[in-house]
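Here is the structure we will look at, set down as structure tokens.
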Amino acid sequence: MIHKAQKPRKPKQWRLKTDSLYKLIIWFKDKNVRTFYSYDWRHRYCKTLDSGMGISRFKKLITNYGSKADMAHIYENKTGKLIARYFEGAPIPTEKSGTSATNTPKKT
């Protein structure tokens, strides 16, 4: 009796929408909107994620689009928390949670 040889298993590949750490949404001046997901790994079979790599690639992409992009927001992919905002390629300071004037406790 001859058994079929088993195919070797491929290692797990990264899935872009589910495994990315960050998400970039760009609103263009011609009213188009695009969503990008970060590549936080060096190659598709690597075991570790590098968050700095994903953010630096997004910043490079934003500077490449420059004045074509009206607004750009970087979010954490899992939680949806806003990380950074850009207007025409220039960073806009983001308001940190809990530090706004309406949320500060009054001194008595």
Quiz item: When rounded to the nearest 0.5 angstrom, what is the spacing between OG1 in T63 and CG in L61?
Solution: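 If I round to the nearest 0.5 Å, the distance is 8.0 Å.
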Quiz item: When rounded to the nearest 0.5 angstrom, what is the spacing between OG in S38 and CG in L49?
Solution: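 Answer rounded to 0.5 Å: 8.5 Å.
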Exercise. Tell me, please, which residues at least two apart from T18 pass side chain to side chain donor-acceptor pair (under 3.5 Å).
Key: none
Self-check item: Working for side chain to side chain contact (heavy atoms under 4.5 Å, CB included), residues I26 and F36
Solution: CA-CA 8 Å; I26 298 180; F36 299 94; 3.7 Å; yes
Quiz item: Between V33 and I25, does a side chain to side chain contact (heavy atoms under 4.5 Å, CB included) hold up when you go through it step by step?
Solution: CA-CA 7 Å; V33 179; I25 301 175; 3.8 Å; yes
Exercise. Quick one: which residue pairs count as a salt bridge (charged side-chain N to carboxylate O under 4.0 Å, His left out) with a foot in residues 56-65, not counting sequence neighbours?
Key: none
Quiz item: Which pairs count as salt bridge (charged side-chain N to carboxylate O under 4.0 Å, His left out) when at least one residue sits in residues 28-41, sequence neighbours excluded?
Solution: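 Residue pairs passing salt bridge (charged side-chain N to carboxylate O under 4.0 Å, His left out), neighbours aside: K29-E88.
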Throw together a table of side-chain donor-acceptor distances under 3.5 angstrom for residues 67-74, partners on residues two or more places apart or in other chains.
| unit_1 | atom_1 | unit_2 | atom_2 | d |
| --- | --- | --- | --- | --- |
| H73 | ND1 | Y75 | OH | 3.1 |

Applying the 4.5 Å side-chain criterion to the ILVMFWY set and letting contacts propagate, would [X] and [Y] be lumped into a single cluster?
| X | Y | answer |
| --- | --- | --- |
| L24 | F28 | yes |
| W41 | I55 | yes |
| M53 | Y39 | no |

Quiz prompt | Contacts of type ring pair (Phe, Tyr, Trp, His ring centres under 6.0 Å), residue F87, not counting sequence neighbours | solution =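 Result, ring pair (Phe, Tyr, Trp, His ring centres under 6.0 Å) vs F87: none returned.
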Self-check item: Nearest non-hydrogen partners of K23 and Y37, listed with the distance
Solution: CD-CE2, 3.8 Å
Quiz item: With side chains defined as the heavy atoms from C-beta onward, is the minimum distance between Y86 and I92 less than 4.5 Å?
Solution: no
Exercise. List in chain and number order the residues that pass side-chain contact (heavy atoms from CB on, under 4.5 Å) with S51, two or more places apart in sequence or in another chain; answer none if no residue qualifies.
Key: L21, Y22
